Chemist: 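Questions regarding the structure given below will be posed in turn.
Computed from a predicted model, the values in this text were never measured in an experiment.
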Amino acid sequence: MTSDPQDKPAYSIAEAARILRLPVATLRSWTVGRPYPRGAGMARFQPLLRPPVVRPPTLSFTNLIEAHVLRSLRTDHAVSLKHVRSALAYAERHLKIDRLLLDQRLQTDAGHLFLERYGKLIDLSASG
């Protein structure tokens, strides 16, 4: 665990959802995932955020910022969860960016996510 006070567990999902004005179920899905029916079986929505404590899920101040950015991407900029998920995976795997939603270089346009790097824009939604 980090020594940065902003990364310390401090908020329950219900508390964080109230602060962020998000449905509790939405924030819970973003932080711990959830099962959902798919075809004849079940699939799992994988979490997008990583809380410092999983049982019970307890979010840090940094998680609140990530959730706020994620909500803004979804509601204000119409970025699909598919594009968010692709961008997070690409940034982590290829650019070694652990917390893309906190990166000040993150940009959006027409439902896509971009990252300015070395003076060029990388379309993270399209896997680079």
Side-chain angles (χ1 to χ4, degrees):
M1 187 173 300
T2 179
S3 63
D4 187 340
Q6 294 181 352
D7 289 330
K8 299 281 185 203
Y11 307 92
S12 69
I13 288 184
E15 206 175 7
R18 183 182 53 76
I19 292 166
L20 294 166
R21 296 184 180 153
L22 272 172
V24 173
T26 298
L27 188 56
R28 182 176 305 284
S29 293
W30 289 354
T31 56
V32 297
R34 70 176 173 81
Y36 64 92
R38 183 174 180 185
M42 295 294 284
R44 180 146 183 86
F45 178 90
Q46 294 299 317
L48 298 162
L49 308 176
R50 291 185 214 128
V53 175
V54 178
R55 296 204 194 290
T58 309
L59 281 61
S60 66
F61 180 74
T62 304
N63 291 139
L64 264 60
I65 295 169
E66 290 173 309
H68 175 73
V69 170
L70 182 54
R71 182 192 64 193
S72 179
L73 290 173
R74 299 281 297 129
T75 60
D76 299 338
H77 301 286
V79 178
S80 72
L81 282 177
K82 178 182 175 185
H83 284 162
V84 170
R85 197 173 295 285
S86 292
L88 291 171
Y90 183 85
E92 192 171 312
R93 194 174 24 237
H94 297 286
L95 305 175
K96 307 300 182 219
I97 299 172
D98 257 356
R99 299 181 101 167
L100 177 65
L101 297 174
L102 299 176
D103 198 304
Q104 293 180 357
R105 298 170 297 171
L106 185 64
Q107 299 178 31
T108 183
D109 185 46
H112 286 263
L113 291 171
F114 300 91
L115 185 75
E116 185 177 339
R117 190 160 170 131
Y118 306 123
K120 295 184 180 187
L121 283 180
I122 300 170
D123 186 350
L124 299 173
S125 307
S127 296

Chemist: According to a hydrophobic-cluster definition based on side-chain heavy atoms being under 4.5 Å apart (Ile, Leu, Val, Met, Phe, Trp, Tyr only), do Ile13 and Val54 belong together?
Modeler: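 Looking at the clustering, Val54 is in a separate group from Ile13.
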Chemist: Check the pair Leu100, Leu124 against side chain to side chain contact (heavy atoms under 4.5 Å, CB included), reporting the backbone distance first and the verdict last.
Modeler: CA-CA 10 Å; Leu100 177 65; Leu124 299 173; 3.7 Å; yes
Chemist: Write down the atom of Thr31, the atom of Pro47, and the distance for their closest heavy-atom approach.
Modeler: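 Minimum heavy-atom contact is O-CB, 3.4 Å.
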Chemist: Is the shortest heavy-atom distance from the side chain of His77 to the side chain of Ser72 under 4.5 Å?
Modeler: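 In contact.
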Chemist: Does some side-chain heavy atom of Asn63 sit less than 4.5 Å from a side-chain heavy atom of Pro52?
Modeler: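 Pro52 vs Asn63: side chains touch.
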Chemist: In the structure I gave you, are the side-chain heavy atoms of Trp30 and Leu81 within less than 4.5 Å of one another anywhere?
Modeler: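 Yes; the side chains approach each other to less than 4.5 Å.
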Chemist: When rounded to the nearest 0.5 angstrom, what distance separates CG in Leu20 from CG in Leu64?
Modeler: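 Reported to 0.5 Å precision, the distance equals 4.5 Å.
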Chemist: Mind checking whether Met42 and Val32 sit in one hydrophobic cluster, side chains of I, L, V, M, F, W, Y counted as touching below 4.5 Å?
Modeler: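 Different clusters.
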Chemist: Please find the pair of heavy atoms, one from Thr58 and one from Pro9, that lie closest to each other, and give the distance.
Modeler: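 Heavy atoms of Thr58 and Pro9 come nearest at CG2-CB, 3.5 Å.
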Chemist: How long is the straight-line distance from CG of Leu101 back to NE2 of His68, given to the nearest 0.5 Å?
Modeler: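 His68 NE2 to Leu101 CG: 11.5 Å, rounded to 0.5 Å.
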Chemist: Side chain to side chain contact (heavy atoms under 4.5 Å, CB included), that's the test. Do Ile97 and Leu115 meet it? Break it down for me.
Modeler: CA-CA 11 Å; Ile97 299 172; Leu115 185 75; 3.4 Å; yes
Chemist: Please give me the minimum heavy-atom distance between Ala16 and Tyr11, naming the atom from each residue.
Modeler: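 Taking Ala16 first and Tyr11 second, the nearest heavy atoms are CB-CB, 4.1 Å.
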Chemist: Side-chain contact test, heavy atoms from C-beta onward, threshold under 4.5 Å: evaluate it for Glu92 versus Asp98 and give yes or no.
Modeler: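 Side-chain contact under 4.5 Å: yes.
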Chemist: Could you walk me through whether Arg99 and Glu66 satisfy the side chain to side chain contact (heavy atoms under 4.5 Å, CB included) test, starting with their C-alpha distance in whole Å, then the side-chain angles of each, then the deciding distance to 0.1 Å, before giving a yes or no?
Modeler: CA-CA 8 Å; Arg99 299 181 101 167; Glu66 290 173 309; 3.1 Å; yes
Chemist: Is the closest side-chain heavy-atom distance between Ser60 and Lys8 below 4.5 Å?
Modeler: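 Sidechains of Lys8 and Ser60: no contact.
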Chemist: Crowded around Arg21 CZ? As in, over 12 foreign heavy atoms under 6.0 Å?
Modeler: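 It does not: Arg21 CZ has 12 such atoms or fewer within range.
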Chemist: Measuring from Asp103:CG to Leu113:CG, what's the distance to the nearest 0.5 Å?
Modeler: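 Between Asp103 CG and Leu113 CG, I get 11.5 Å after rounding to 0.5 Å.
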Chemist: Does a sphere of radius 6.0 Å around CZ in Phe61 hold more than 12 heavy atoms from other residues, nucleotides or ligands, not counting ones at 6.0 Å or beyond?
Modeler: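 Count not over threshold, so no.
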Chemist: When rounded to the nearest 0.5 angstrom, what distance separates CG in Asp123 from CG in Leu121?
Modeler: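 Those atoms lie 9.0 Å apart.
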Chemist: Any side-chain heavy atom of Leu27 sitting closer than 4.5 Å to one from Leu59?
Modeler: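 Contact flag for Leu27/Leu59 side chains = yes.
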Chemist: Linking I/L/V/M/F/W/Y whenever their side-chain heavy atoms sit closer than 4.5 Å, directly or via other members, would Val24 and Leu70 fall into one cluster?
Modeler: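 Yes, Val24 connects to Leu70 through the hydrophobic network.
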Chemist: Could you report the tightest heavy-atom contact between Ser86 and Ser125, atom names first, then the distance?
Modeler: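 Residues Ser86 and Ser125, closest heavy atoms: CB-O, 3.7 Å.
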Chemist: Between Thr62 and Asp4, does a side chain to side chain contact (heavy atoms under 4.5 Å, CB included) hold up when you go through it step by step?
Modeler: CA-CA 10 Å; Thr62 304; Asp4 187 340; 5.7 Å; no
Chemist: Test your reading of the model: is there a side-chain donor-acceptor pair from His112 to the backbone of Ala126, 3.5 Å cut-off?
Modeler: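 No, because the side chain of His112 does not come within donor-acceptor range (under 3.5 Å) of the backbone of Ala126.
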Chemist: Can you tell me how far the CZ atom of Arg93 sits from the CG atom of Leu88, to the nearest 0.5 Å?
Modeler: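 So the gap between those two atoms works out to 11.0 Å.
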Chemist: Treating Arg44 as the side-chain partner and Tyr36 as the backbone partner, does any N or O pair qualify as donor plus acceptor under 3.5 Å?
Modeler: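 No, because the side chain of Arg44 does not come within donor-acceptor range (under 3.5 Å) of the backbone of Tyr36.
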Chemist: Quick check for you: to the nearest 0.5 Å, what is the distance between Leu95 atom CG and Arg117 atom CZ?
Modeler: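 Reported to 0.5 Å precision, the distance equals 4.5 Å.
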Chemist: Any sub-3.5 Å donor-acceptor pair from Ser29's side-chain atoms to Gly33's backbone N or O?
Modeler: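 Answer holds: no.
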Chemist: Can you name the residues that form a ring-ring contact (aromatic ring centres under 6.0 Å, His included) with His94, not counting sequence neighbours?
Modeler: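 Tyr90.
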Chemist: Who pairs with Arg85 by side-chain hydrogen bond (donor to acceptor under 3.5 Å, both in side chains), at least two apart in sequence or on another chain?
Modeler: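 Not a single residue meets the side-chain hydrogen bond (donor to acceptor under 3.5 Å, both in side chains) criterion with Arg85.
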